[in-house]
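One structure is given below, encoded as structure tokens.
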Amino acid sequence: MQIKNILEKAISDAANFMIENGIFKLNENDKLPEILLEVPPKKEFGDFATNFAMQSAKIFHTNPKKIAEELRNKIESDHLAMKMSGKTEWLEKIEIAGAGFLNFYLKPTVIYDTFEKIFNNENYGQLANKNNEKIQVEYVSANPTGLLHVGHGRGAAAGSAIVNIMRAAGYNVEAEYYINDAGNQMNNLAKSVNARYLEHFQKNVEFPEDGYHAADIIDTTERIIQEHGDKFLNLSEDERLKILGDLAYIDKMSELKKDLANFKVNFDVWFSERTLHPDKINSAIKILRDNGTIYEKDGALWLNSTKYGDDKDRVVVRENGEPTYLAADIAYHKNKFERGFEKIINIWGADHHGYVCRVKAAMSALGFDAEKLQILFLQMVALYRGGELVKMSKRTGNSITLRELMEEVGTDAARYFFLMRSMESQLDFDLDLAKKKSADNPVYYVQYAHARICSIFRQTLEMKIFIDEKPNFNLLTHSSEIDLINKIIDYEDEIEKAAQDYAPQKMTRYVYELAALFHAFYRDCRIIGVEKDLASARLALIKVTAHVIKHALNLLGVSAPESM
RNA sequence: GCGUCCGUAGCUCAGUUGGAUAGAGCAACGGCCUUCUAAGCCGUGGGUCGCGUGUUCGAGUCACGCCGGACGCACCA
């Protein structure tokens, strides 16, 4: 933010002055600490604060309060000189507090100037492009063998929100879905559908041991029968398995894409595991065999991952010649690196954490910088209904699917709830609460703020109260107005932080706090019935507020209704 | 047994590279609608930040050790 830049420069100028004039001594190897400006926890501590004096106490060998005093004097005299030379002043005062905090109190005009720029920026919340480095985020990547369940839902919400937030922060992000369409689970899908198919026509069949029991397999089978009837009955078992497997795969993928689209989740690339078999897998294995990372033992091929800190070596190709999942994953990640991403982010369920070491080991062994691969973990979701834990299991078919969740609580509430907590916390999802269309439900609280603003605009439009071309923001002096303005000024920093930490819950929190400040403003400051210039300035303020609420909700994939 | 994550108010959770008197929501209690949506606002009570030791000007935050919970530890994915 612009204000921060002014402050940072003032502080670093002052610090450098101290060093150049020998007031503080800096040893050869010492470096000035980063100047960190934060909005203090309490209003009494000013508009911005820095702990710079405390941080630099060590290298200056001086106590923090003394440093703080010197800095304050220098910054104030610099500011005075600036003022005398006719430049606009920005500093009200600096106070030293606590163990050596510098608390800055700014001239209100600085805030108004900044806010005016925001008001005139239709794209506020979209930061400038960082550079052209491509970043990939891969998430969900559920097997196309059943419906998405709530755990996938959390991953889908988190991944899509992270992608949205990173794009808003100016990163060049590509969202990818890895389709596990090879291997055992696809055979099991074929066998399961085959069994249901024969069952449908009253053939006596035993349901496969590793089959998928869930009801959606029957749905898939019924759709296939509706289109193709009984014409596969007379095929040989192998032929029937093949064709039913293919048809089921197509059906499952289309169901999956439908659910994700309904959940406001979109991918740029759908990457099929099949494209890795067998050539890309074989060539990756060959490289690793040639450089000694893969060796043969007991008729199988093993990755020497213990060399990279793993508990044990891992099988890459089974005794029977079939590659393991890891083999495909090595080829897949090799492919990712070859596509030139500067950063590769995977979002995995926490139950896969044991997998990181071996994949990174393989990437290092292939000569890639494994640091570029970053794996984010998503802890488990526990559903509660009526205070009771709802167990979920894809195998038995007793799971709650994402589809059911969307139907039960709505997309907005589902996404918002998934994004309220940090990813590494286990999530207790209270279905009853999410379903409530009441104030207990935080998603409505935020949406209501937006709807309220829209309602005001509907009425002011009718009453011909408009926003002036150049509203006089100096009129916004009420503390509720100042608080709201400050929060809005903070927005792009919040996006930056949320993007850097891959932390959508920061955005959720921000938009909630923004809504709370708007509701307080609504209580204190009327628009209809006040003097014209003030009404105009306030309308401008809530226009920007609505823009930011909508923008932030958008990043979360939650709608911003105009009336509720 | 080993590994990853978590442990903060009665409940669900925030807590910004270590910083000021640890914060929200829900639940409880008490107020506020003839004025832009009360799906809102204001107030009150509520804490051994799991326990212990260490690192330092300063620890909810970092390190180590315990205790408790979730998840993982396949030639499954």
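The figures that follow rest on heavy atoms only: side chains count, while hydrogens, waters and symmetry mates do not. In this text, all values refer to a predicted model and were calculated from it rather than measured experimentally. Numbered from 1 within each chain, the chains take letters A, B, ... in sequence-line order.
Using a 4.0 Å cut-off between charged side-chain N and carboxylate O, Glu296(A) and Arg289(A) make a salt bridge. Arg385(A) and Asp432(A) are not joined by a salt bridge, as no carboxylate oxygen comes within less than 4.0 angstrom of a charged side-chain nitrogen. The residues Lys93(A) and Glu95(A) are annotated as salt-bridged, a charged nitrogen and a carboxylate oxygen being separated by less than 4.0 angstrom.
When only modelled atom types and interatomic distance are considered, His277(A) and Asn282(A) share no side-chain donor-acceptor pair under 3.5 Å.
Ranking rA20(B), rU35(B), rA77(B) by closeness to the Arg526(A) side chain, first place goes to rU35(B). When the nucleotides rC5(B), rU35(B), rC75(B) are ranked by their closest atom to the side chain of Gln379(A), rC5(B) comes out on top.
Classified by its glycosidic torsion, rC13(B) falls in the anti category, the angle being over 90° from 0.
In this structure, Tyr445(A) reaches the rC41(B) phosphate: one of its side-chain N or O atoms is under 4.0 Å from OP1 or OP2. Listed pair Arg509(A) / rA24(B) fails the phosphate criterion, with no side-chain N or O lying under 4.0 Å from OP1 or OP2. Dashed line: the shortest gap from a side-chain N or O of Tyr325(A) to OP1 or OP2 of rA74(B) is not under 4.0 Å. Under 4.0 angstrom from either OP1 or OP2 of rA77(B) there lies no side-chain N or O belonging to Thr324(A). Considering only side-chain N and O atoms, Ser425(A) lies under 4.0 angstrom from the phosphate OP1 or OP2 of rA14(B).
Between Leu36(A) atom CG and rU61(B) atom C1' there is a gap of 15 Å when expressed in whole angstrom units. Spacing between atom CZ of Arg452(A) and atom C1' of rG40(B) amounts to 4 Å, rounded to whole angstrom units. Protein atom OH of Tyr355(A) is 7 Å distant from nucleotide atom P of rA77(B), rounded to whole Å. Nucleotide rC75(B) holds its C1' atom 16 Å from the CG atom of Asp329(A), rounded to whole Å.
Distance noted for atom C1' between rG54(B) and rC29(B): 44 Å (whole Å). Across rA27(B) and rA63(B), the matching C1' atoms stand 38 Å from one another, rounded to whole Å. A distance of about 14 Å separates the C1' atoms of rG46(B) and rA22(B), rounded to the whole Å. Straight-line distance between the C1' atoms of rU16(B) and rG23(B): roughly 14 Å, to the nearest whole Å. The P atoms of rG43(B) and rG50(B) are separated by 29 Å, rounded to the nearest whole Å. Rounded to the nearest Å, the gap between the C1' atom of rU34(B) and that of rU8(B) is 46 Å. Separating the C1' atom of rG25(B) from that of rC64(B) is a span of 36 Å, rounded to the nearest Å. Using atom C1' as the reference point in both rA24(B) and rA14(B), the two lie 7 Å apart (nearest Å).
Within a 6.0 Å sphere centred on NZ of Lys550(A), heavy atoms belonging to other residues, nucleotides or ligands number 12 at most.
Base pairing analysis places rC2(B) opposite rG72(B); the two distances defining the Watson-Crick or G-U wobble pair are each below 3.5 Å. Both distances falling under 3.5 Å, in either a Watson-Crick or a G-U wobble arrangement, place rA24(B) opposite rU12(B). Under the Watson-Crick and G-U wobble criteria, each requiring two contacts below 3.5 Å, nucleotide rC33(B) is left unpaired. Figure legend. rC62(B) is base-paired to rG54(B); pairs are counted as Watson-Crick or G-U wobble with both atom distances under 3.5 Å. With a cut-off of 3.5 Å on both Watson-Crick or G-U wobble distances, the partner of rG7(B) is given as rC67(B).
Using a 4.0 Å heavy-atom criterion, one finds that Asn103(A) contacts the bases of the nucleic acid, with or without backbone contacts as well. Asp501(A) comes within 4.0 angstrom of no nucleic acid atom, judged by non-hydrogen atoms across all strands. Base contact: Ala451(A) has a heavy atom under 4.0 Å from a base atom.
Contact of His353(A) with rC71(B) (side chain to base): a donor-acceptor pair of N or O atoms is detected under 3.5 Å. Contact of Asn51(A) with rA20(B) (side chain to base): no donor-acceptor pair of N or O atoms is detected under 3.5 Å.
With Leu517(A) as the fixed residue, the side chain to side chain contact (heavy atoms under 4.5 Å, CB included) test singles out one of Thr545(A), Ile488(A), Asp483(A): Asp483(A).
The aromatic ring of Tyr512(A) is not stacked on the base of rA24(B), since the criterion of ring centres less than 5.5 Å apart with planes inclined by under 30° is not met.
In this structure, Phe271(A) and Tyr332(A) have tilted ring planes: the angle between them lies in the 30° to 60° band.
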